[in-house]
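Let me begin by presenting the structure, written as structure tokens, before commenting on it.
A, B, ... follow the sequence lines: proteins, then strands. Residue 1 opens every chain. Please read all numbers here as calculations on a predicted model, not as lab measurements.
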Protein chains: 2
Amino acid sequence: MLSKKTKYGLKALTYIARKEGESPVRVSEIAESENIPQKFLESILLTLRKSGVLGSKKGKHGGYYLRHEPSEIKMTDVMRVLEGPIAMVPCVSLNFYEKCDDCPDEEKCSVNKLMIQVRDNTLQVFRNTTLADLSSI
Amino acid sequence: MLSKKTKYGLKALTYIARKEGESPVRVSEIAESENIPQKFLESILLTLRKSGVLGSKKGKHGGYYLRHEPSEIKMTDVMRVLEGPIAMVPCVSLNFYEKCDDCPDEEKCSVNKLMIQVRDNTLQVFRNTTLADLSSI
DNA sequence: TGTATTTCCTATTAAATCGATAGGATTAAT
DNA sequence: ATTAATCCTATCGATTTAATAGGAAATACA
């Protein structure tokens with residue numbers, strides 16, 4: 001299940017991308033327009049900023065803006081920041097690998113085999129999708 | 001993230017499939033061999049039985065057995081029983097559809113578009129994989 | 001018939017995670 | 001100064017997850 005954090009984050013990024021070129025976008029504006037609790041959205045955009053996807057400007061006329069072109073912001077990066085590992089199981093994660101404590105041999109593990117396939121297919125989608133794709137129409 | 005329930009369930013099914021033809025397999029045997037808490041596994045196999053994937057026999061020499069050939073047990077079915085919806089978001093779920101309360105128009109929702117792609121790719125894997133595939137090797 | 005063995009069922013619990021809120025500190029424009 | 005925005009930390013309630021507990025029901029077999 002996709003967390004609300006990720007869902008809200010993606011919607012907010014899309015909203016900002018659609019306004020690109022203009023001045024920074026206020027959290028309150030996004031929250032209202034996308035029906036997202038403002039305080040919650042604040043914390044989400046903060047993590048996106050800390051991860052380098054967004055930039056921010058404080059004070060009056062402040063807000064958030066994209067650090068790169070929408071076409072250069074890949075879903076792999078956004079998803080890893082917001083949702084964490086793309087793999088469904090740590091033992092097949094590329095960026096967050098962890099051995100299963102119950103599993104003596106990954107080579108022989110049926111779950112491992114299956115989840116590698118799922119991971120590869122999901123990765124393909126996220127690698128080939130950018131914020132520009134989400135924002136069009 | 002894949003729940004332990006699903007992980008354990010898949011491992012147990014694989015274990016049973018590899019023994020097919022023999023008599024029912026005891027929970028305690030699976031639990032020990034696969035490092036799964038026995039009581040937890042009991043409840044998992046119970047739901048698999050209630051959903052029609054497994055059959056069971058009580059009492060001495062009892063245990064669980066597959067109701068169909070491994071090659072006829074599709075991952076779509078098993079995953080839906082153990083993990084629930086395959087889609088990451090209810091608004092793109094085929095079997096568990098639910099409208100988002102915050103989203104006025106699914107057609108224009110960027111998250112919706114993206115998650116449909118992920119769902120379709122994941123579905124393709126699960127539709128083309130059977131328990132026989134998991135059990136081989 | 002009785003005993004051991006196994007699934008079946010319900011309830012409970014401890015811990016983790018999630019979604020959200022609260023309250024104020026900091027920064028910047030005017 | 002005042003206003004408006006992000007930034008930061010802490011906390012809370014609800015839900016879910018993983019696991020445990022305790023026994024009821026059924027079956028094989030002596």
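Here D/dA10 presents its P atom at 15 Å from NZ of A/Lys39, a figure rounded to the nearest Å. In this structure, the CD atom of A/Gln38 is 11 Å from the C1' atom of D/dT6, given to the nearest Å. The distance between atom NZ of A/Lys4 and atom P of D/dT15, rounded to the nearest whole Å, is 12 Å. Distance NZ (A/Lys11) to P (C/dG19): 14 Å, rounded to an integer number of Å. Put simply, CG on A/Leu46 is 9 Å from P on D/dT9, counting in whole angstrom units. Here the C1' atom of nucleotide C/dT7 and the CD atom of B/Glu29 are 15 Å apart, to the nearest Å. Rounded to a whole Å, the CG atom of A/Leu54 is 17 Å from the P atom of D/dA5. Regarding B/Glu42, its CD atom lies at a distance of 15 Å from the P atom of D/dG23, rounded to whole Å.
In this structure, B/Tyr64 does not reach the C/dT6 phosphate: none of its side-chain N or O atoms is under 4.0 Å from OP1 or OP2. Look at B/His61 and you'll find a side-chain N or O under 4.0 angstrom from OP1 or OP2 of D/dC29. At least one side-chain nitrogen or oxygen of A/Arg49 sits closer than 4.0 Å to the OP1 or OP2 atom of D/dC7. Of the side-chain N and O atoms in A/Tyr8, one or more sit less than 4.0 angstrom from OP1 or OP2 of C/dA20. The shortest distance between the side-chain N/O atoms of A/Lys50 and the OP1/OP2 oxygens of D/dC8 is below 4.0 Å. For B/Lys57, a side-chain nitrogen or oxygen approaches OP1 or OP2 of D/dA28 to under 4.0 Å. For A/Ser43 and D/dC7, the shortest distance from a side-chain N or O to OP1 or OP2 is not below 4.0 Å.
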Requested in this report: Check the pair B/Leu10 / B/Met79 against side-chain contact (heavy atoms from CB on, under 4.5 Å), numbers first and verdict last.
Outcome: CA-CA 9 Å; B/Leu10 287 172; B/Met79 291 299 294; 4.2 Å; yes
Query raised in the report: Do A/Asp77 and A/Lys74 pass the salt bridge (Lys or Arg N to Asp or Glu O under 4.0 Å) test, and can you show the C-alpha distance, the side-chain angles, and the key distance before you say yes or no?
Result: CA-CA 6 Å; A/Asp77 301 324; A/Lys74 287 208 265 292; 5.4 Å; no
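Under the 3.5 Å distance criterion, with hydrogens and angles disregarded, no donor-acceptor pair is assigned to the side chains of B/Thr130 and B/Glu72. Side-chain polar atoms of B/Glu98 and B/Ser93 form no donor-acceptor pair below 3.5 angstrom.
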Report, one line per pair, each donor and acceptor closer than 3.5 Å where one atom sits in a side chain of residues 23-40 of chain B; sequence neighbours left out.
from	atom 1	to	atom 2	distance (Å)
B/Arg26	NH1	B/Ser28	OG	2.9
B/Glu29	OE2	B/Tyr15	OH	2.6
B/Glu29	OE2	B/Lys19	NZ	2.7
B/Asn35	ND2	A/Asp102	O	3.0

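When distances are taken from the side chain of A/Lys60 to each of D/dA28, C/dT7, C/dA29, the shortest belongs to C/dA29. Checking D/dA19, C/dA20, C/dT27 against the side-chain heavy atoms of A/Lys58 singles out C/dT27 as nearest.
Mapped onto DNA chain C by nearest heavy atom, A/Leu41 and B/Ser28 fall at different nucleotides, with B/Ser28 at the one closer to the 5' end.
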